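Here's the structure we're looking at; comments come further down.
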Protein chains: 2
Amino acid sequence: MRPDGQRRSTIKDVAEAAEVGVATVSRVLSGTGSASRETREKVLAAAARLDYRPSALGRNLRRRRTGGIGLLVPDITDVFYARLADGVLSCARSAGEAVWTGATGDDPEREAHLIGTLIEEGVERVIAVPSGDGEMWGPALRHGLGVVFAERAVAGADHVPAVVSDERTGVRTAVEYLAGLGHRRIAFLARHGQTQRVRAFREALAARGVPVDDELIVQAQATRDAAYAAAAGLLQHRSDVTAVVAGGNLLGEATVLAARELDVRVPRDVSLIMFDDVPWAELCHPPLTVISQSAQDMGYRAAELVLREGRRARSITLPTELIVRASCGPRR
Amino acid sequence: MRPDGQRRSTIKDVAEAAEVGVATVSRVLSGTGSASRETREKVLAAAARLDYRPSALGRNLRRRRTGGIGLLVPDITDVFYARLADGVLSCARSAGEAVWTGATGDDPEREAHLIGTLIEEGVERVIAVPSGDGEMWGPALRHGLGVVFAERAVAGADHVPAVVSDERTGVRTAVEYLAGLGHRRIAFLARHGQTQRVRAFREALAARGVPVDDELIVQAQATRDAAYAAAAGLLQHRSDVTAVVAGGNLLGEATVLAARELDVRVPRDVSLIMFDDVPWAELCHPPLTVISQSAQDMGYRAAELVLREGRRARSITLPTELIVRASCGPRR
DNA sequence: ACACATGATGGAATCGTTTCCATGAGACCG
DNA sequence: CGGTCTCATGGAAACGATTCCATCATGTGT
């Protein structure tokens with residue numbers, strides 16, 4: 001791995017090469033303290049000659065703080081989380097911070113394990129789309145980690161700031177739009193754990209005077225297969241539904257696929273609104289009407305929050321937007 | 001950030017609490033060396049009581065090696081790279097390694113900067129989709145980093161192992177499929193830097209006896225806007241093209257969009273083959289015929305390679321697969 | 001009973017950096 | 001000219017872990 005067998009040069013090597021003390025080298029290179037022009041040049045020259053890079057290990061150990069941000073998302077393959085990660089990466093880059101990424105797979109156990117690694121690694125700032133409950137995050141908080149939640153909040157951890165989108169309004173907008181088109185039998189296809197959205201769905205229905213049918217609220221695990229099964233089951237079993245709200249882009253994708261498979265035409269037979277405006281929503285046939293939430297922004301804001309060390313961070317709610325395309329029509 | 005104002009407990013604290021020496025604590029906790037059952041229990045109890053986590057900083061400094069893998073991709077938002085990242089994450093998790101992620105934006109300067117950060121951070125294994133040339137990677141290699149390239153190889157760095165897909169065969173398959181349908185005016189929409197694919201395209205054309213028209217090979221930057229501009233320009237300027245091969249999912253997306261905008265029907269007016277099988281390829285109208293390459297596998301294999309420290313790693317070429325859907329038809 | 005092996009244990013060195021502190025050399029002012 | 005102040009500089013401690021080595025107690029074989 002190290003072909004020349006030559007070990008990495010340290011500050012001591014530079015000090016010797018420049019014929020000064022290590023303290024002087026450190027001062028010159030970090031820009032703190034004072035040094036004569038002559039010494040500065042000597043040090044800089046020696047450092048360049050030896051291709052010296054200060055080791056973050058030594059520095060961090062001394063300073064007792066590691067830089068870097070931990071980022072925990074359920075699935076980096078999901079466009080929504082990829083965009084969220086991109087927002088975090090972007091903010092971290094402008095702050096000069098490195099980002100440590102982990103995929104939890106929505107599994108609290110894996111999440112706990114990743115948090116453990118994070119703590120050992122000395123990362124002290126974490127942005128997470130939490131899978132576990134409040135209790136699970138106790139150890140992390142007790143260890144003094146700066147945590148910011150994104151996309152979801154955790155019930156038992158109200159003091160942890162969170163960046164979420166205004167799901168209530170988003171769901172209500174979708175329901176009112178569909179109700180306005182005359183739909184009464186509206187189904188909600190949710191990912192497990194989207195309790196907020198389910199509640200908002202119930203409320204919105206109630207507000208329009210539409211009776212809530214529990215059978216029309218189906219929850220699925222966050223995998224393609226589970227989503228497809230849920231969507232197909234719903235469309236097959238309840239042929240009376242005339243509109244579907246999908247709680248995420250995976251669910252939306254599954255619904256389109258299942259509808260096509262079952263020869264259910266969108267929007268003639270059922271109308272469809274999906275959460276998340278992904279690129280393919282426009283490419284899809286028909287182009288999908290969506291509730292857009294800016295994942296990128298969400299990630300960026302979360303990173304800002306977690307980097308703002310001192311002050312107590314407040315939670316942030318981001319707006320959602322209804323983007324009308326062609327997947328909704330009047331009740332058949 | 002640390003509400004209880006209580007600093008993180010160290011091995012020394014545990015040693016005092018358990019009334020033993022620090023060496024003993026280290027031995028018990030790391031499982032090396034021997035210790036009596038009694039002491040072991042005392043230490044374990046004390047560690048649990050103090051919620052002790054060994055600091056990776058101290059350990060790594062002493063061992064003079066940091067764990068962890070650096071991952072550099074152009075854009076995490078691109079499904080292909082997201083999947084590649086997922087493969088890396090998956091392999092790293094089973095090896096118990098942490099992953100530092102950075103987005104280069106296909107900018108050699110940003111890439112160089114990220115490499116610098118990685119080196120300072122003590123990360124000594126990097127998986128990269130390289131943007132810069134061989135010269136740019138010199139410093140990294142001289143520093144003894146274990147580098148593995150993914151998706152693309154770098155011309156000036158032949159000794160660096162790379163995991164790429166068999167672009168030559170992939171392109172040839174696409175061209176032969178189209179030529180078999182009677183197409184003669186076939187355009188290739190490439191991302192800047194896809195020299196391998198462009199060359200393969202020329203060769204495949206020549207092999208079929210089709211004259212190569214340089215104007216039908218257009219290269220675009222790796223952004224949505226640039227891709228759209230290139231696709232629209234091609235379709236508008238050269239109405240004689242009857243088939244397009246898109247060198248990536250971004251280019252494919254742009255082509256679909258541009259075609260729709262310009263009222264060019266797929267596949268009636270032009271046939272389209274896209275590199276990368278992304279979920280929306282099936283949802284698209286019409287469903288897209290694609291050259292599939294397993295990004296996930298690519299990431300996993302790259303991670304395997306970079307983790308296999310000792311032995312000299314060989315490059316790997318992954319197969320591609322033509323998946324026929326409905327975006328290609330006979331020449332009009 | 002003695003030499004020796006074995007096992008348990010703690011002290012101290014070490015890793016590479018930052019930073020506190022002491023020292024020495026000029027500079028400046030009265 | 002002497003006192004004080006500032007600036008440049010280097011030695012050494014500290015950070016938290018691992019690990020070498022010395023020490024001591026306890027068997028064990030002859």
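None of the values given here were measured: they were computed from a predicted structure. Here is the naming used below: chain letters follow the sequence lines, and residue numbers restart at 1 for every chain.
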Q. Gly58(A) near the nucleic acid: base, sugar-phosphate alone, or nothing, with a heavy-atom cut-off under 4.0 Å?
A. base

Q. Taking for each residue the nucleotide of DNA chain D bearing the nearest heavy atom, is the 5' side occupied by Thr32(B) or by Leu61(B)?
A. Leu61(B)

Q) What is the nucleic acid contact for Ile11(B), judged by heavy atoms within less than 4.0 Å: base, sugar-phosphate only, or nothing? A) base

**Q.** Gly68(A) backbone acceptor or donor facing Glu97(A) side chain under 3.5 Å
**A.** yes

Q: Check the distance between dT18(C)'s P and Arg64(A)'s CZ and give it to me in whole angstrom.
A: 16 Å

Q: Remember a base hit wins even if backbone is also touched, and classify Ser30(A) as base, sugar-phosphate or nothing at under 4.0 Å, heavy atoms.
A: nothing

Q. Taking the side chain as C-beta and beyond, is there a heavy-atom pair between Arg53(B) and Arg8(B) under 4.5 Å?
A. yes

Q: May I have the distance from Ile119(B) (atom CD1) to dT17(C) (atom P), rounded to whole angstrom?
A: 14 Å

Q.
If I take atom CG from residue Leu50(A) and atom OG1 from residue Thr10(A), how far apart are they, to the nearest 0.5 angstrom?
A. 9.0 Å

Q: Would you please test Lys42(B) and Glu38(B) for salt bridge (charged side-chain N to carboxylate O under 4.0 Å, His left out) and show each step?
A: CA-CA 6 Å; Lys42(B) 268 200 302 184; Glu38(B) 192 192 3; 5.7 Å; no

Q.
Rounded to whole Å, how long is the line connecting atom CG of Asn60(B) with atom C1' of dT14(C)?
A. 15 Å

Q) Does Met136(A) offer a backbone N or O that forms a donor-acceptor pair with the side chain of Asp133(A) under 3.5 Å? A) yes

(Q) Any heavy-atom pair between the side chains of Glu121(A) and Thr66(A) that's under 4.5 Å? (A) no

(Q) Using C1' atoms of five pairs at each end, report the bend of the helix from dA1(C)-dT30(D) to dG30(C)-dC1(D) rounded to 10 degrees. (A) 50°

Q: Assign Ser26(A) to base, sugar-phosphate, or nothing according to its heavy-atom contacts below 4.0 angstrom with the strands shown.
A: base

Q) From Arg62(B) CZ over to Leu61(A) CG, what is the distance, rounded to the nearest 0.5 angstrom? A) 13.0 Å

Q: Report the residue from Arg152(A), Arg191(A), Arg110(A), Glu111(A) that forms a side-chain contact (heavy atoms from CB on, under 4.5 Å) with Pro74(A).
A: Arg152(A)

Q.
What I'd like to find out is whether the side chain of Phe149(A) reaches to under 4.5 Å of the side chain of Val154(A), using heavy atoms alone.
A. yes

Q | Interatomic distance, Leu84(B) atom CG to Arg301(B) atom CZ [nearest 0.5 angstrom] | A | 13.0 Å

Q: Identify whether any heavy atom of Ala23(A) sits under 4.0 Å from a base atom; if not, whether one sits that close to sugar-phosphate; answer base, sugar-phosphate or nothing.
A: base

Q) Would you say Thr24(B) reaches dG10(C)'s phosphate, i.e. side-chain N/O to OP1/OP2 under 4.0 Å? A) yes

Q.
When you compare the side chain of His159(A) with that of Leu141(A), does any pair of heavy atoms fall below 4.5 Å?
A. yes

(Q) For Glu41(B), is the CD atom crowded, meaning more than 12 foreign heavy atoms sit under 6.0 Å from it? (A) yes

Q. Could you state the interatomic distance from CD1 (Ile11(B)) to OG (Ser55(B)), rounded to the nearest 0.5 Å?
A. 10.5 Å

(Q) So Arg37(A), base contact, sugar-phosphate only, or nothing? Heavy-atom distance under 4.0 Å. (A) nothing

Q: Check the distance between dC15(C)'s C1' and Glu124(B)'s CD and give it to me in whole angstrom.
A: 14 Å

Q: Verify the contact: side-chain N or O of Ser36(B) to OP1 or OP2 of dT9(C), cut-off strictly under 4.0 Å; return yes or no.
A: yes

Give each protein N/O atom lying under 3.5 Å from an N/O atom of nucleotides 21-23 of chain C, with the pair distance.
none

**Q.** Euclidean distance, atom CZ of residue Arg65(A) to atom P of dT18(C) [Å, nearest integer]
**A.** 12 Å

(Q) Output the rounded distance in Å from CG (Leu29(A)) to C1' (dG16(C)). (A) 13 Å

Q | Short side-chain N/O contact from Ser34(B) to OP1 or OP2 of dG7(C), under 4.0 Å | A | no

Q.
Using a 4.0 Å cut-off to any heavy atom of chain B, which nucleotides of DNA chain D are the first and last in contact, reading 5' to 3'?
A. dG16(D) to dT19(D)

Q: Using atom CZ of Arg53(A) as one end and atom P of dT17(C) as the other, report the distance to the nearest whole Å.
A: 12 Å

(Q) Ignoring hydrogens and geometry beyond distance, is the side chain of Arg62(A) in donor-acceptor contact with the base of dT18(C) at under 3.5 Å? (A) yes

Q: Using whole Å, report how far CZ of Arg59(B) lies from C1' of dT14(C).
A: 16 Å

Q) Which part of the nucleic acid does Glu19(B) contact within heavy-atom distance under 4.0 Å: base, sugar-phosphate only, or nothing? A) sugar-phosphate

